[in-house]
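Reviewing the structure listed below.
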Amino acid sequence: MTTFEPAADAVPAVAGAPGPADPPAAIATDNLAALESEAIHIFREVAGEFDRPVILFSGGKDSTLLLHLAIKAFWPAPVPFPLLHVDTGHNFDEVLAFRDHVVAKYGLRLVVAKVQDWIDDGRLEERADGMRNPLQTTPLLDTIAEHRFDAVFGGGRRDEERARAKERIFSLRNSFGQWDPRRQRPELWNLYNGRHRPGEQVRVFPLSNWTEADVWHYIAREKVELPSIYYAHRRQVYRRDGMWLSEGPWGGPRPDENVHELTVRYRTVGDGSCTGAVESSAVTVEEVIAEVSASRLTERGATRADDRMSEAAMEDRKREGYF
């Protein structure tokens with residue numbers, strides 16, 4: 001991550017529309033400035049409206065970008081709320097090391113909910129397929145209730161998946177953490193309604209209007225530090241369900257799955273049992289941007305097995321309380 005400078009006053013204003021003669025670089029800069037301004041405004045709005053916000057932080061690119069924007073929003077004061085990581089126990093070592101590095105570097109507060117603890121005391125059972133991403137919901141909701149968090153920031157974007165495209169920036173959840181798309185509130189002129197009853201919570205998505213390309217262009221502009229696995233590296237992987245999976249404590253490969261050493265990178269990071277790598281030679285941000293621009297699949301559609309369990313897999317989990 002960069003050393004942050006005080007942000008300009010980020011009011012909910014849209015950058016001036018570029019004219020037809022403006023070069024593409026100027027248009028991209030204006031778009032990123034508008035997205036940054038909107039996100040910073042959302043962080044400040046939540047800080048003013050809610051008592052106990054928290055940032056859901058996995059160490060992935062979107063949650064790292066969220067943290068970057070939060071630091072800019074409140075600089076030179078520290079970020080006024082903690083980070084929450086739901087640790088599946090099947091995370092990539094590089095991502096956990098990066099998480100701890102960022103927390104130490106910026107003196108942040110970190111709350112960790114370990115899925116393994118819920119398995120050990122019988123509140124959860126291991127799945128037959130070994131995936132733990134679907135097991136995150138119960139630890140997430142229990143930890144939110146324990147710490148009485150009333151606003152939870154997430155890095156979800158509308159371009160990722162069809163269920164997330166239905167979300168508002170302020171997403172009301174009931175006292176059980178459940179999402180009902182019919183209870184979504186209108187959001188006009190950057191006005192956000194954070195009212196909620198005792199026990200209810202609001203999930204907040206400052207990156208809703210960003211695309212994967214926007215994220216990477218902004219990372220390039222701000223020189224945001226990311227875990228090394230987002231860039232091409234050599235790794236032993238095996239093929240399953242059309243994805244390159246990595247060996248790990250989650251099991252695999254099966255007897256009929258051959259291990260290959262390939263040059264790969266990850267477009268998204270999550271539970272190692274269901275997050276696939278893509279073959280890539282992109283070792284710089286600029287090369288990643290070129291690769292993403294040519295892709296016709298979203299990062300979740302291309303590399304997340306947990307989203308392939310059914311046509312409505314993400315929506316079903318969101319209704320249960322997942323992000």
Side-chain angles (χ1 to χ4, degrees), residues 1 39 42-44 46-74 77-124 132-156 170-171 173 175-179 194 196 198-207 225-227 269-272 317-318 320-323:
M1 286 187 175
I42 292 165
F43 270 108
R44 292 174 177 173
V46 169
E49 282 194 50
F50 294 86
D51 295 323
R52 301 178 69 86
V54 67
I55 299 175
L56 195 64
F57 185 76
S58 66
K61 69 180 188 309
D62 295 320
S63 62
T64 299
L65 178 55
L66 269 186
L67 176 58
H68 180 96
L69 290 163
I71 293 173
K72 291 193 93 172
F74 301 106
V79 176
F81 23 79
L83 309 182
L84 167 60
H85 181 210
V86 181
D87 183 354
T88 66
H90 289 172
N91 298 99
F92 295 99
D93 291 340
E94 299 94 328
V95 177
L96 290 179
F98 176 78
R99 179 201 69 183
D100 295 340
H101 160 71
V102 168
V103 168
K105 182 175 182 179
Y106 295 103
L108 302 166
R109 292 173 289 156
L110 175 67
V111 177
V112 179
K114 296 183 178 181
V115 169
Q116 188 64 52
D117 292 342
W118 271 254
I119 293 173
D120 290 344
D121 64 19
R123 286 177 287 176
L124 287 174
R132 286 191 175 179
N133 254 28
L135 300 182
Q136 293 182 91
T137 300
T138 298
L140 172 65
L141 294 178
D142 288 352
T143 305
I144 288 173
E146 177 187 350
H147 291 269
R148 296 182 289 112
F149 295 131
D150 54 359
V152 186
F153 289 99
F170 275 33
S171 178
R173 304 298 177 98
S175 58
F176 299 101
Q178 297 169 328
W179 174 70
H196 59 285
E200 292 181 336
Q201 56 186 265
V202 175
R203 308 287 174 88
V204 184
F205 301 99
L207 304 183
E225 183 182 2
L226 293 177
V269 297
D271 187 62
R317 282 182 289 152
K318 289 174 73 65
E320 295 170 357
Y322 185 71
F323 265 81

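- Distance check, rounded to the nearest 0.5 Å: CZ of F205 to CG of L66 gives 10.0 Å.
- In this structure, the separation between CG on D100 and CG on L108 is 11.5 Å, given to the nearest 0.5 Å.
- Between H68 atom NE2 and S63 atom OG the span is 13.5 Å, to the nearest 0.5 Å.
- When atom types are taken as modelled, the side chain of S171 and the backbone of R203 share no donor-acceptor pair closer than 3.5 angstrom.
- Considering only residues two or more places apart in sequence or on other chains, V112 meets the side-chain contact (heavy atoms from CB on, under 4.5 Å) condition with D87, R99, L110, K114.
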For this session: Run the numbers on Y106 and V79 for side chain to side chain contact (heavy atoms under 4.5 Å, CB included), then give the verdict.
Result: CA-CA 9 Å; Y106 295 103; V79 176; over 6 Å; no
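- Under the side chain to side chain donor-acceptor pair (under 3.5 Å) criterion, E49 pairs with no residue at all, not counting sequence neighbours.
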Exercise. Run the side chain to side chain contact (heavy atoms under 4.5 Å, CB included) check on F57 and L67 step by step: do they pass?
Worked result: CA-CA 8 Å; F57 185 76; L67 176 58; 4.1 Å; yes
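- Listed by chain and residue number, Q116, E126 satisfy the side chain to side chain donor-acceptor pair (under 3.5 Å) test with R132 (two or more places apart in sequence, or in another chain).
- Summarising the geometry of V86 relative to P139, their closest heavy-atom pair is CG1-CB, 4.2 Å, with the distance given to 0.1 Å.
- The side-chain contact (heavy atoms from CB on, under 4.5 Å) search around T143 returns L84, V111, A113, W118, H147, not counting sequence neighbours.
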For this session: Take V115 and T138, measure what side chain to side chain contact (heavy atoms under 4.5 Å, CB included) needs, and give me the verdict at the end.
Result: CA-CA 9 Å; V115 169; T138 298; over 6 Å; no
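- A donor-acceptor distance shorter than 3.5 angstrom exists from the side chain of R44 to the backbone of A73, with no hydrogens or angles considered.
- Counting all heavy atoms, side chain and backbone alike, V46 lies closest to A151 at CG1-CB, 3.9 Å.
- By the ring pair (Phe, Tyr, Trp, His ring centres under 6.0 Å) test, H90 is found to be paired with W250, residues two or more places apart in sequence or in another chain being considered.
- For D117, there are no side chain to side chain donor-acceptor pair (under 3.5 Å) partners at least two apart in sequence or on another chain.
- Between the side chain of N133 and the backbone N or O of D271 there is at least one donor-acceptor pair closer than 3.5 Å.
- Taking all atoms of both residues into account, the shortest heavy-atom contact from A39 to L69 is CB-CD1, 3.7 Å.
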For this session: Go through V204 and F43 one step at a time and tell me if the side chain to side chain contact (heavy atoms under 4.5 Å, CB included) criterion holds.
Result: CA-CA 9 Å; V204 184; F43 270 108; over 6 Å; no
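- Atom CG of D62 is separated from atom CG of L207 by 6.0 Å, given to the nearest 0.5 angstrom.
- To the nearest 0.5 Å, atom CD1 of residue I55 and atom NE2 of residue H85 are 14.0 Å apart.
- No donor-acceptor pair under 3.5 Å is formed between the side chain of D150 and the backbone N or O of Q201.
- No side-chain heavy atom of V54 sits less than 4.5 Å from a side-chain heavy atom of L83.
- Rounded to the nearest 0.5 Å, atoms CG (D51) and CZ (F149) are 12.5 Å apart.
- Every residue two or more places apart in sequence or in another chain that forms a ring pair (Phe, Tyr, Trp, His ring centres under 6.0 Å) with F81 is listed here: F74, F153.
- Nearest heavy-atom pair across P53 and P82 is O-CD, 3.6 Å.
- With sequence neighbours excluded, the residues that form a side chain to side chain donor-acceptor pair (under 3.5 Å) with R123 are D121.
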